[in-house]
Amino acid sequence: MRRVLSHGSFLRFYLLLGLALCVVFFIALGGRSFIEQVRREDYREQLAALPMSLMTQRLASVPTEEREALIGNFSEQLGMQLALRDMRDAPLGYFERARLERGTVLVAEEPWQLRQRLPLASGSSDEQWMLEATFNAWSERQWQGSMVLLGEWLAAMPMEERLDALAALRPGSWPLSLLNALPDDLTTEQQFQLTLGGVITRLVSDKLSITLLYQLPNPSGGTDQWLQAGPISRGDTLPPNLHLPLLVALMVVLSLIVYLIMRSIESRMARLELAATRIASGRLETRVKVESGDFLGRLGMAFNGMANQVQSLLRGQQEMIRAVSHELRTPVARIRFAVQMVEDMTDQPAIQRQLQGIDADIAELDELVDEILTYARLGGETVNGAELEMALVDCRAMAERVIDTLAPLHSGLTLELMPGPDIELLAEPRYLQRALQNLVGNACRYGQSQVVIRLWDEPHLVRIDVEDDGPGIPFEARGDIFKPFARLDDSRARSSGGYGLGLSIVQKIMAGHGGSVTVDSSPALGGARFTLLIPRRDSPV
């Protein structure tokens, strides 16, 4: 089993995801239990709100000496043991005391214990007292007793004050209303029970919500009124303010677990992508760290094997090119020596012209061998500038040397270095001058009358532009001209563009310096504009 897990990335992913779902399930179960507990506590508080609010208001409205008798009446009606306690002496926690200060009913079960602070009466200090009620279980006696106490209290006041008195109470889950007529669906027995001072319990609608009905005492024979409490909900649904946090918490936990699972896979894929990018940029020594034998580990091993094979092939190709180029120098030198001997031995003009042509071809072949050797050397010895010997280069003096070298070879062109500040750059002097000379030489071959060099000193790099007034380079061909032996035409004549290695060498040199070479159209001369971008380096200590 362990071997199967170690070789299956996706199997591990699914197992971890299943484990995450189990964790989320248990979190949801615990959260549901917690919310149910909070809901039950809230329901008990709402259930006890009406009788406790009624008793505390009535106790606060009578003198202190009459409270004992009133408490005895309440206790008999509701079947509770009632007592007044000083809040300062009660063993209350900080949060319990704060809830009592807000007028909330504190509820505890087994046995039931209800506590509420007496409201503040004008000119007294009753806010320091709280009513404590204790009883075994909530039953029909508490329902009916609360209705009787409330009805007797309302019957003792004028009818116009009764609605205000109801509004001053905290009914909780007991919606209160006064009826001037009985509901039509009451039976004769229920009506008779109301006239006897009883409390009837009605079940309303298919939800079985409870409604209590009580007829207010009317000894004076005035207009009859009935007190209705309800419908009282059983509180079996979770409120939205508890549902939403639970769902949000589950989504956050699940998202975090999935993110942590995917992060490991993504980081390993990112390392593969980075290695591929480095190899594509020429850093063939890059390898991927293999951490396990699963699918991604095997992919990394295959990637490393591919990189080894590519590096070996390129190294062999470069060594072959270098060896062939070196071997070509010896026969070329012998042919040139033989041509010079034949030239010294004859004076015939026709033969002299043929020998001069042969000598020109030999010089061209020698130059091609030199270009091939330079290209192979750059491909094999420099890796992002790791083996380049850097020195401080005066870019303006370097550009002037290139102009002095190429100007005599192109008498029909004007080679110009635009004025500007002196710029110093840490680079490999010989290769950088070779790159600039290749670009200027290329511009001289295709320019019609003028070649311009511009130097730009930017914050993090040095920019060198080489512009000409020639035909330019088509947009679709600009990505191919830096490939080895690439040309814009099919001719291999020397006058139509050299050997196709000059721009490839420039690109290799720029890669060795960590820079780049680009080509676009010259806005000033209308021909091609080649741009060298060389980043600045810190001087060695």
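Within the 4.5 Å cutoff, the side chain of Leu406 has heavy atoms near those of the Leu415 side chain. Residues Asp468 and Arg445 have side chains not in contact (no heavy-atom distance under 4.5 Å, counting atoms from C-beta outward). Between Leu100 and Phe95, every side-chain heavy-atom pair lies at or beyond the 4.5 Å cut-off. Between Met510 and Leu533 the shortest side-chain heavy-atom distance does not fall below 4.5 Å. Side-chain atoms of Gln437 and Met398, non-hydrogen and from C-beta on, never get closer than 4.5 Å to each other. You'll find the side chain of Leu455 reaches within 4.5 Å of the side chain of Arg396, heavy atoms only. Tyr446 places none of its side-chain heavy atoms less than 4.5 Å from the side chain of Ile473. The closest side-chain heavy-atom distance from Leu532 to Val466 is not below 4.5 Å.
Taking CD1 from Ile534 and CD1 from Ile464, the interatomic distance works out to 4.0 Å, rounded to the nearest 0.5 Å. Distance check, rounded to the nearest 0.5 Å: CG of Leu106 to OG1 of Thr104 gives 7.5 Å. Atoms CD1 and CG, on Ile453 and Leu439 in that order, are 9.0 Å from each other to the nearest 0.5 Å. Atom CZ in Arg99 sits 10.0 Å away from atom CZ in Arg115 (nearest 0.5 Å). Atom-to-atom distance recorded for Glu467:CD and Asp469:CG is 10.5 Å, nearest 0.5 angstrom. To the nearest 0.5 Å, atoms OG1 (Thr286) and CG (Leu274) are separated by 8.0 Å.
Closest of all the heavy-atom pairs between Leu432 and Ala427 is CD2-CB, 3.8 Å. Considering all non-hydrogen atoms of both residues, Val105 and Ala49 come closest at CG2-CA, 4.2 Å. Taking both residues in full, the closest heavy atoms of Arg287 and Ala307 are given as NH1-CB, 3.5 Å, listed atom of the first, atom of the second, then distance. The minimum heavy-atom distance linking Gly447 with Leu413 is given by the pair O-CD2, 3.6 Å. Considering every non-hydrogen atom in both Val506 and Ala435, the closest pair reads CG2-O, 3.5 Å. Shown here for Gly514 and Pro535, the closest heavy-atom pair between the two residues is O-CG, 3.5 Å.
Of the possible polar contacts, none joining the Gln433 side chain to the Arg430 backbone as a donor-acceptor pair under 3.5 Å is found. Side chain of Ser312 to main chain of Asn308: a donor-acceptor pair is present (N/O by atom type, distance under 3.5 Å, no hydrogens or angles). Under the 3.5 Å distance criterion, the side-chain polar atoms of His513 are matched with a main-chain donor or acceptor of Glu428.
Side-chain contact, Arg170 with Gln116: no donor N or O sits under 3.5 Å from an acceptor N or O.
Residues forming a salt bridge (charged side-chain N to carboxylate O under 4.0 Å, His left out) with Asp465 (at least two apart in sequence, or on another chain): Arg463. Remark: Ser516 engages no residue in a side-chain hydrogen bond (donor to acceptor under 3.5 Å, both in side chains) (not counting sequence neighbours). Residues that satisfy the salt bridge (charged side-chain N to carboxylate O under 4.0 Å, His left out) test with Asp457, not counting sequence neighbours, are Arg536.
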Handout entry: Verdict with supporting geometry, Lys508 and Tyr431, side-chain contact (heavy atoms from CB on, under 4.5 Å)
Key = CA-CA 10 Å; Lys508 287 284 187 179; Tyr431 283 144; over 6 Å; no
Practice task
Just do the side-chain contact (heavy atoms from CB on, under 4.5 Å) check on Asn438 and Arg434 with the steps written out, would you?
Solution key: CA-CA 6 Å; Asn438 282 7; Arg434 176 65 178 271; 3.4 Å; yes
Practice task
Would you check, one step at a time, whether the test side-chain contact (heavy atoms from CB on, under 4.5 Å) holds for Glu424 with Val393?
Solution key: CA-CA 5 Å; Glu424 289 187 340; Val393 177; over 6 Å; no
Practice task
Step by step, work out the side-chain contact (heavy atoms from CB on, under 4.5 Å) result for Ile279 and Phe303.
Solution key: CA-CA 11 Å; Ile279 289 178; Phe303 185 90; 3.7 Å; yes
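Within 6.0 Å of the CH2 atom in Trp456, the count of heavy atoms belonging to other residues, nucleotides or ligands does not exceed 12. Within 6.0 Å of CE in Met269 there are 12 or fewer heavy atoms belonging to other residues, nucleotides or ligands.
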